[in-house]
Amino acid sequence: MQQSGAAGGRGCALFPLLGVLFFQGVYIVLSLEIHADAHVRGYVGEKIKLKCTFKSTSDVTDKLTIDWTYRPPSSSRTVSIFHYQSFQYPTTAGTFRDRISWVGNVYKGDASISISNPTIKDNGTFSCAVKNPPDVHHNIPMTELTVTERGVGTMLSSVALLSILVFVPSAVVVALLLVRMGRKAAGLKKRSRSGYKKSSIEVSDDTDQEEEDACMVRLCIRCAECLDSDYEETY
């Protein structure tokens, strides 16, 4: 239970599990519940989703409103960054200009937004407020966003995983190919010593086998090219 005091002995306490709000000596049943992630971690330059969901006892109408606000670290000042009422109204000023996108669906109880091209300066506290008249009493969840640079270790681990997914199957294919080629060479050597001549059917089978071997070699080369391409995109 969270409780905050006010002047004159009046206070406000929220019982989120019970959906009850105690305000100025009166218990109010919450007809609108909002949920959001308490902590979200993101990386510079990679789109971040701020999830917010709600449950209302009333049907969604064009009177429903959604407001997202932002408060920088070590500051008590909040700024509006997104408003919704039938249409989307992302902020047109400040550091979040042209970077806030609507990714929610009010008819599914989703009030989520996303931030494109995030930077370390975006760190702070975000809040999601939803009103669906007559459901206007609700909690206001806070989301603490932490944006950091993606470390070299993280990139290396991604490259290592990609290498395993590509090189291990390729190595198996190459090993099988070498074994088959070795057996084939040993068989040809043995036949040449005994003066054995192939029939037309065996010649046809050898041709098909050579085509299969060539296909497997091309597959290995293609896998290596894909790995090189993904490695360059990562860096």
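Note that the coordinates shown come from a computational prediction; the quantities given were computed from them, not determined experimentally. Reckoned from all heavy atoms, side chains included, excluding hydrogens, waters and symmetry mates.
The minimum heavy-atom distance linking Met142 with Ser127 is given by the pair SD-CB, 3.5 Å. The shortest non-hydrogen separation linking Glu46 to Pro118 is O-CG, 3.0 Å. When all heavy atoms of Gly42 and Ile48 are compared, the pair lying nearest together is CA-CD1, 3.6 Å. Minimum interatomic distance between Arg99 and Thr119 (heavy atoms only, all atoms of both residues): NH1-N, 4.5 Å. Between Ala111 and Ile66, the shortest heavy-atom contact is CB-CD1, 3.5 Å. In this structure, Lys51 and Trp68 approach most closely via the heavy-atom pair O-CH2, 4.4 Å.
Atom-to-atom distance recorded for Lys63:NZ and Gln85:CD is 10.0 Å, nearest 0.5 angstrom. To the nearest 0.5 Å, the span separating OG1 on Thr92 from CD1 on Ile81 amounts to 13.0 Å. Between Asp37 atom CG and Leu145 atom CG the span is 11.0 Å, to the nearest 0.5 Å. Taken from OG in Ser86 to CG in Leu64, the straight-line distance is 8.5 Å, to the nearest 0.5 Å. From Asp67, atom CG reaches atom OG1 of Thr78 across 11.0 Å, with rounding to the nearest 0.5 Å. For the atom pair NZ (Lys55) and CD1 (Ile34), the distance works out to 13.0 Å, reported to the nearest 0.5 Å.
With contacts defined as side-chain heavy-atom distances shorter than 4.5 Å, the pair Lys121/Thr95 does not qualify. Using a 4.5 Å cut-off on side-chain heavy atoms (C-beta onward), Phe126 and Ile115 make contact. For the pair Trp102/Ile113, a side-chain contact is recorded, criterion being any heavy-atom separation below 4.5 Å from C-beta on. In this structure, the side chains of Thr148 and Tyr43 come closer than 4.5 Å at one or more pairs of heavy atoms.
At distances below 3.5 Å, at least one donor-acceptor pair connects side-chain atoms of Asn123 with backbone N or O atoms of Val147. When atom types are taken as modelled, the side chain of Ser112 and the backbone of Cys52 share a donor-acceptor pair closer than 3.5 angstrom.
Taken together through direct or relayed side-chain contacts under 4.5 Å among Ile, Leu, Val, Met, Phe, Trp and Tyr, Val60 and Val136 form parts of separate hydrophobic clusters. Two different hydrophobic clusters hold Ile100 and Val103 under the rule that ILVMFWY side chains link at heavy-atom gaps under 4.5 Å. Put simply, Phe96 and Ile120 are part of the same group of oily side chains (I, L, V, M, F, W, Y) that touch within less than 4.5 Å, one to the next.
Aromatic ring orientation, Tyr84 versus Phe82: parallel (interplanar angle below 30°, classes split at 30° and 60°).
Every side chain to side chain donor-acceptor pair (under 3.5 Å) that Ser56 has, sequence neighbours left out, goes to Asn132, Asp135.
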